[in-house]
Amino acid sequence: MDADADLVVSLYDEKIGLQRETEELRKKRNDNALAMKGKLDPETRAVRIEEGKLLKDKIAQAEARLTELDNRLAVEGAKIPNMAHPEAPRGKEDKDNLEVKRVGEPTKFDFEPKDHVQLGQSLDLIDFDTATRVSGTKFYYLKNEAVILEMALVRYTLDTLMKKGFTLFQTPDIAKTEILEGIGFNPRGPESNIYTVEGEGTCLIGTAEITLGGYYSGSILDKISLPLKLAGVSHCFRREAGAAGQFSKGLYRVHQFTKVEMFAYTVPEESGAMHEYLRTVEEEIFSGLGIPFRVVDTCTGDLGAPAYRKWDLEAWMPGRNGGEWGEVTSTSNCTDYQARRLNIKYKDEDGKNKHVHMLNGTAVACSRAMIAVLENFQRADGSVAIPPALVPYCGFSEIGRK
RNA sequence: GGAGCGGUGUCCGAGGGGUUUAAGGAGGCGGUCUUGAAAACCGUUGUACCGCGAGGUACCGGGGGUUCGAAUCCCCCCUGCUCCGCCA
């Protein structure tokens with residue numbers, strides 16, 4: 001990010017000056033045209049028409065310069081990231097994140113635990129090899145009970161969210177480039193994590209944050225209707241280009257997965273409280289599953305452009321490098337960063353239209369949640385217990401050898 | 001994918017180059033009248049930007065073009081409906 005605030009300011013000043021100039025010219029044009037409404041003697045009319053032609057020329061030139069300036073301003077302005085919360089830990093990368101809470105303790109086994117790739121193979125639940133042949137690396141087939149388990153995770157989560165007053169959605173898996181950019185994703189360029197659809201101006205979404213955040217783009221919301229709490233199920237697609245060196249075994253970093261995403265629109269004064277709320281919902285969902293996790297306050301360098309503050313939930317993954325915390329959910333307060341780009345406002349009591357604050361949080365990312373379930377609930381005989389909260393949704397209470 | 005017809009303000013709905021400053025209606029808000037309400041009547045009404053203000057500029061699905069002047073004419077695109085084709 002090569003953000004340059006000074007450049008944006010000077011471009012803005014320049015633009016305003018030119019805009020005023022252009023508006024004055026347009027005023028003259030309008031006055032001139034108005035003066036020709038009624039009957040005129042041919043001579044006067046001819047003079048008017050010449051005057052009009054001159055103005056038309058000047059306006060065209062001014063407008064062309066204004067458009068160019070506007071575009072430059074938009075490009076430079078879009079580079080400026082959101083502010084960071086003053087209490088967010090300062091730091092450059094994820095190891096500077098701050099653990100703020102721990103729920104449960106790392107699962108202890110009286111046998112050597114397997115990782116989810118081994119479990120998925122021995123229990124015939126996940127097929128990476130065939131997916132690699134058919135679709136490429138970092139794809140997978142879910143098989144047998146794993147198919148049901150994914151749906152159970154989704155349904156368990158949706159039931160939880162519905163009880164809390166979230167409006168449920170199943171969103172499109174594709175969205176327009178302009179929406180992606182409004183949310184703060186960069187769909188272009190080789191480092192992009194987004195798949196673009198050839199010739200359509202659209203992309204495969206990396207998260208339902210995009211479709212839920214785009215839902216009210218260009219609208220003015222009633223203050224009385226806020227806060228809005230949405231939850232959306234979608235598939236998520238990520239290119240993960242250059243992720244080869246990172247931890248990428250099994251389901252942890254894949255090109256496609258299913259996710260239930262929470263999204264909220266609030267007035268500015270309430271976004272902080274809503275952010276806390278979304279985090280507690282995430283905690284409740286993972287506590288309910290009986291999976292140990294910790295909460296991390298994301299450092300400034302790891303926030304990304306849209307986020308003002310971000311919390312990650314990291315679940316205990318016994319099979320990851322012999323036992324490690326692995327990110328399973330994330331919730332961000334993006335304040336008005338996305339609302340400005342997507343033009344989403346609310347009408348305040350003073351009659352003014354102001355930008356809403358927008359927040360998002362993962363309710364459940366099925367692939368990573370499944371890692372946590374399989375690895376934490378495995379048993380000495382190689383079978384896996386189903387977390388009690390999911391049994392009603394699965395219709396079975398364990399996954400045994402075939 | 002093909003054909004036909006549409007897209008106008010908060011909503012419905014006229015207007016097809018200059019008396020449009022977008023008619024008319026509905027709704028909302030304010031007021032008159034009333035013990036109160038309804039009805040009637042009067043006024044008001046969106047968004048963005050510039051300006052201390054008066055006020056100005058832009059917006060009739062989006063983008064180009066024609067013209068002294070475009071909601072109105074031309075071109076491209078998007079989108080809705082109806083019919084046809086295809087299809088889970």
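Note that the coordinates shown come from a computational prediction; the quantities given were computed from them, not determined experimentally. Letters A, B, ... mirror the listed sequences (proteins, then strands); counts begin at 1. Computed from heavy atoms alone, side chains included, the values below leave out hydrogens, waters and symmetry copies.
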For [N], the Watson-Crick or wobble partner whose two distances fall under 3.5 Å:
N: B:U66; value: none
N: B:G9; value: none
N: B:G55; value: B:C50

Using atom [atom1] in both nucleotides, what's the gap between [N] and [M] to the nearest angstrom?
N: B:C86; M: B:C5; atom1: C1'; result: 23 Å
N: B:A58; M: B:A70; atom1: P; result: 9 Å
N: B:G30; M: B:G80; atom1: C1'; result: 38 Å
N: B:U72; M: B:U8; atom1: C1'; result: 11 Å
N: B:U10; M: B:G65; atom1: P; result: 28 Å
N: B:G27; M: B:C33; atom1: C1'; result: 22 Å
N: B:A23; M: B:U79; atom1: C1'; result: 27 Å
N: B:G18; M: B:G69; atom1: C1'; result: 7 Å

Describe the nucleic acid contact of [X] in one word from base, sugar-phosphate, nothing, applying a heavy-atom distance below 4.0 Å.
X: A:Arg20; answer: sugar-phosphate
X: A:Ile220; answer: sugar-phosphate
X: A:Asn343; answer: nothing
X: A:Lys28; answer: nothing
X: A:Lys56; answer: base

Taking atom types as modelled, is there a side-chain donor on A:His116 or A:Tyr252 under 3.5 Å from an acceptor on the other?
no
Using the side-chain heavy atoms of A:Lys345, tell me which of these nucleotides is nearest: B:A48, B:C68, B:C50.
B:A48
